[in-house]
Protein chains: 2
Amino acid sequence: MKLTFQDYISIKIHKTDLLLTSFIKARFEPYNLAPEQNLILMLLWEHDGLTQNQLVEKLEKDKTNIARMASSLERKGFIKRIQCPEDRRSVRLYLTKRGQELGSSIIPIAEEFNEIVCRGISEDELFELERLLAKIRENVQNSLN
Amino acid sequence: MKLTFQDYISIKIHKTDLLLTSFIKARFEPYNLAPEQNLILMLLWEHDGLTQNQLVEKLEKDKTNIARMASSLERKGFIKRIQCPEDRRSVRLYLTKRGQELGSSIIPIAEEFNEIVCRGISEDELFELERLLAKIRENVQNSLN
DNA sequence: GCTATTAAGTTGTTATAGCAACCAAAAGGG
DNA sequence: CCCTTTTGGTTGCTATAACAACTTAATAGC
C-alpha cells in the first residue's frame, strides 16, 4: 500500500480546516461578518475596549492581521478605533451600537456551529482528538529548535 | 467549567493547520517553493503534462487557485504552460528541467515532514485521528443540505 | 536629560482560498 | 449547420496569514 502525499495527516487537517472555515463563513455571511473578524468581536463582547496588542496576545495572531481585521470591522461599522490617551502608541477597539447588537445573532450561530461539528463525537473522542492535535503541534514546535 | 470559543475544536484544528503550514513553508523556502504549489509539482513528478483542470480535480481546489499557483510556478521557472492542441481551452503543465530536478530535494523533505508530524503517534492513534477528522467533515457536509 | 532600545501599529508583498463575472472553445440539439 | 449550453481558464475582489521594513511613542541606561 503506497502512501502518497494525499494521505499525509497534514493534508487531511488542512482540508478539514478549509471545510470548517467555509462553513462558518457562509453562516456569518448574512451579517457581513468574516469568521476571523468574529473572534475579535467575541473578545470585545466579553470585554469592550481592548487594545489591538491585547488581541494579538489573546488570539495569537500577527499584529498586521489584527490591524487589518480591526480596520475592516471599523469600515463595516461594528467598532470604533480610538487612540489610547495613556499610551499614544496603542489603539483601543470599542464596539458601536451595531457591533454590540450583533452578539445576540452571532453567538447562537457560533454555538450551533460547534454543536454541528461535534455531533456524534463523544467527550472521550473529542479529548483524544484534542490530545492528538496538541501532540502534532508539540512535534512541530520541538523540531523548530 | 465555561466553554469559550477558544476551546472550540474548530479553533484548535485551525491553529494546528496554521502551524503545520508555516513549518513546511519554512522548510521549502530555500527552494523558493510554496507549500501548495508543491502539491502541483508532486502530481507532475508522478505524471507530467496534466491539465489545470485535472489538477483541480485531483487537488480539490478552486480553478482560480490552480491557475494562479500554476502561473507562479511558471514565473519561478519550474513549469511551462502549453495550450493543448486537441482542446484549445485546456492548458497542460510541463515540468522544466529545473522543475524535474527539484523533486530529488523536495520529496525527502516532504517525507521527513510527515515523519516529524507523526512522531510518537501510533498507527491506531493516527487512524483514530483521521476517523474523527472525517467525521467532522461529514457532519459539516451533512448540514450543508 | 539624552540616547539607545523596545513596543504598538501601519504599509507593502507573497501565498492561499473562495466567489462572481467573464471569454473562448467545444459539445449538443434541433 | 446554426444556436444554445457546457467547459476550461482568466481577472477582479475579499479575507486570511506571515514576514520585512518603517514610524512614532514610550522606556531604559547612563
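Protein chains get the first letters and strands the later ones, always in sequence-line order, with residue 1 at the start of each. Just so it is clear, the model here is predicted, and its values are computed rather than measured.
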The side chain of [X] is closest to which nucleotide in this list: [options]?
X: B:Asp87; options: C:dT16, C:dA25, D:dG9; result: C:dA25
X: B:Arg88; options: C:dG9, D:dC19, C:dA26; result: C:dA26
X: A:Asn53; options: C:dA8, D:dG9, D:dA18; result: C:dA8
X: B:Gln52; options: D:dG9, C:dT16, C:dT10; result: D:dG9
X: B:Val91; options: D:dT16, D:dC19, D:dG9; result: D:dG9
X: B:Lys63; options: C:dA17, D:dA17, D:dG9; result: D:dG9
X: A:Leu18; options: D:dT24, C:dA17, D:dA15; result: C:dA17
X: A:Arg81; options: C:dT10, C:dT16, D:dG9; result: C:dT10
X: A:Ala34; options: C:dA15, D:dA17, D:dA15; result: D:dA15

Which whole-number value in Å describes the distance from [X] [atom1] to [N] [atom2]?
X: B:Ile11; N: D:dT16; atom1: CD1; atom2: P; result: 12 Å
X: A:Met69; N: C:dT11; atom1: CE; atom2: C1'; result: 16 Å
X: A:Arg75; N: D:dC13; atom1: CZ; atom2: P; result: 14 Å
X: A:Glu29; N: D:dT16; atom1: CD; atom2: P; result: 11 Å
X: B:Asn65; N: D:dT14; atom1: CG; atom2: C1'; result: 13 Å
X: A:Asp62; N: C:dT10; atom1: CG; atom2: P; result: 12 Å
X: B:Ile40; N: C:dA17; atom1: CD1; atom2: P; result: 10 Å

[X] and [Y]: side chain donor to acceptor below 3.5 Å:
X: B:Ser72; Y: B:Arg68; answer: no
X: B:Glu36; Y: A:His14; answer: yes
X: A:Ser90; Y: A:Gln52; answer: no
X: A:Thr16; Y: B:Arg137; answer: yes
X: A:Asp62; Y: A:Thr64; answer: yes

Does [N] have OP1 or OP2 sitting under 4.0 Å from an N or O in the side chain of [X]?
X: B:Gln37; N: C:dT14; answer: no
X: B:Lys25; N: D:dA18; answer: no
X: A:Gln54; N: C:dA8; answer: no
X: A:Lys76; N: D:dT14; answer: no

Which part of the nucleic acid, if any, lies within reach of [X] when heavy atoms closer than 4.0 Å are counted: base, sugar-phosphate only, or nothing?
X: A:Thr21; answer: nothing
X: B:Ser71; answer: nothing
X: A:Lys15; answer: nothing

For the base of D:dG12, is there a side-chain donor-acceptor partner from B:Arg68 under 3.5 Å away?
yes
Look at the side chain of B:Arg89 against the base of D:dT7 and say whether a donor-acceptor pair falls under 3.5 Å; ignore hydrogens and angles.
yes
Nearest heavy atom decides the nucleotide; on that basis, is A:Leu19 or A:Glu57 closer to the 5' end of DNA chain C?
A:Glu57
Judged by nearest nucleotide, the residue sitting upstream toward the 5' end of DNA chain C, B:Gln83 or B:Lys61, is B:Lys61
ILVMFWY network linking A:Leu126 to A:Leu19, side-chain heavy atoms under 4.5 angstrom:
yes
